[in-house]
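Take a look at the structure below.
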Amino acid sequence: MLDRRKFLQCAASLAAAPPCASSAPEQPLRAHAAAAGILYGAAAAYGPLQNDASYAAHFAEECGILVPENVLKWGPVHPEPERYNFEPADFLADFARKNQIQMRGHTLVWHNQLAPWVATAVTKQNARRHLESHIRAVVGHFKGRMHSWDVVNEAVSPGDLRNDGLRKTPWLEHFGPEYLDSAYHTASETDPGALLVYNDYGLDYDEPGQEAKRAAVLNLLRDLKKRSVPLHAFGMQAHLSARQQKNFRPETLRRFLGEIAGLGLKILITELDVADQSLPEDAAERDRGVAEVYESYLTAALSNQALIAVLTWGLTDKYTWLANQNKRADGTPVRVLPFDRDFQRKPAWHAMAKAFDARAAK
Ligand code: XIL
């Protein structure tokens with residue numbers, strides 16, 4: 001493995017002289033990203049990071065930023081009204097600090113993975129108090145240590161048929177649409193240094209449903225900015241699939257990200273992965289198809305200078321939510337991330353490095 005000090009020197013020199021980037025295949029993705037002026041990282045699975053030394057070593061080598069895949073969601077971190085469990089996230093924060101990896105927080109306000117007690121305890125009378133004290137506790141715990149926070153996740157759903165495009169969630173029902181303003185203000189008061197992000201999915205393809213969602217997300221972001229809500233960045237989840245590649249138009253993605261940047265927001269790709277169910281069983285063929293999706297998407301997204309970070313939702317096919325979420329009909333394990341199950345770099349890894357290098361060379 002590359003010595004960390006040598007690697008950092010090398011990354012710095014790559015940043016100064018970008019053309020070297022493509023001629024150094026042994027460099028980790030974080031160095032390719034650094035040369036392009038961005039961060040590369042991944043969602044970290046807590047159990048494996050503790051127990052699988054090879055996973056931890058590759059994570060430390062490849063990633064410049066880490067986001068906990070699950071342990072900062074409401075359910076895991078706030079399992080009872082008066083009890084918070086920061087132990088797993090503290091472990092990840094410690095791992096990140098020791099390996100000079102930045103950390104981002106995911107997520108403070110979401111309708112999924114809530115603690116069961118929320119459904120009975122939260123009412124119209126106390127929703128504001130519950131939401132704000134949760135945010136103060138969680139953001140406060142990591143004050144000064146977070147690169148960014150996904151303050152609100154997935155608040156938009158045009159299919160829910162409200163005029164404002166907001167998703168019908170417990171927070172909307174009990175608190176009203178102002179829950180968003182309150183969440184960002186509270187996060188900003190608690191940790192003024194963290195970049196505050198709105199994060200969402202289903203915005204990548206030229207499909208009518210996704211076009212409607214892009215419009216609704218832009219409306220929401222515009223409204224928040226108009227009201228001077230402390231919102232600093234947009235997180236594009238980018239859960240992609242080979243099946244939808246036929247509906248991918250680079251200009252659609254470029255236009256959408258351009259409009260977001262036009263609002264003065266930074267952009268992060270927060271949860272990139274590529275479902276492979278529609279591709280043939282043959283591993284080489286499948287890897288080519290998946291890599292093509294990574295490369296075309298990143299090439300379009302990276303042309304936007306407001307883009308500051310790319311995170312994949314996991315690092316290796318050994319640990320990916322798509323193994324359950326998007327199982328293949330032929331029963332073979334999914335091949336959806338930059339590394340295979342044996343921590344070998346796949347064509348998807350090279351596709352990402354190539355897209356980073358192309359931005360660095362500009
Ligand atoms: C997923 C995790 O990867 C799974 O382990 C968990 O069971 C469910 O949530 N959008 C998000 C992420 O914002 O938090 C989700 O993570 C994937 C979709």
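In each ligand, atom 1 is the first atom listed, and ligand 1 is the first ligand listed.
- Under the 3.5 Å distance criterion, with hydrogens and angles disregarded, a donor-acceptor pair is assigned to the side chains of Tyr40 and Thr312.
- A salt bridge does not link Arg288 with Glu285: every distance from a Lys NZ or Arg NE/NH1/NH2 to an Asp or Glu carboxylate oxygen is 4.0 Å or more.
- A side-chain contact (heavy atoms from CB on, under 4.5 Å) with Met146 is found for one member of Val67, Leu196, Leu72 and no other, namely Leu72.
- Given atom 11 (C) of ligand 1, the protein heavy atom at minimum distance is Glu271 OE1, 3.0 Å.
- Nearest to atom 3 (O) of ligand 1 among the protein's heavy atoms is Glu69 OE2, 2.4 Å.
- Set against the non-hydrogen atoms of Glu154, the atoms of ligand 1 under 4.0 Å away are 10 (N), 11 (C), 13 (O).
- Within the structure, the closest approach of Gln325 to ligand 1 does not fall below 4.0 Å when heavy atoms are considered.
- With sequence neighbours left out, Phe95 forms a ring pair (Phe, Tyr, Trp, His ring centres under 6.0 Å) with no residue at all.
- Ligand-side atoms of ligand 1 in range of His106: 11 (C), 12 (C), 13 (O), 14 (O), range being under 4.0 angstrom from any heavy atom.
- Taking every non-hydrogen atom of Lys73 and a distance limit under 4.0 Å, the qualifying atoms of ligand 1 come out as 1 (C), 2 (C), 9 (O), 12 (C), 14 (O), 15 (C), 16 (O).
- In Tyr201, neither the side chain nor the backbone holds a heavy atom less than 4.0 Å from any atom of ligand 1.
- Set against the non-hydrogen atoms of Gln113, the atoms of ligand 1 under 4.0 Å away are 6 (C), 8 (C), 9 (O).
- Considering backbone and side-chain atoms alike, Asn70 places an N or O below 3.5 Å from some N or O of ligand 1.
- Ring pair Tyr201/His239: centre-to-centre distance not below 6.0 Å.
- On a distance-only criterion, Trp110 and ligand 1 share no N/O pair closer than 3.5 Å.
- Inclusion of Asn199 in the set of residues having an N or O under 3.5 Å from an N or O of ligand 1 is not warranted.
- Residues Trp171 and His130 keep their aromatic ring centres 6.0 Å or farther apart.
- Phe86 and Tyr84 have parallel rings, their planes meeting at less than 30° on a 0 to 90° scale where 60° marks the start of perpendicular.
- Taking the six-membered ring for Trp, His106 and Trp313 have ring centres closer than 6.0 Å.
- Looking at Asn153 against ligand 1, only its side chain comes within 4.0 Å, counting heavy atoms.
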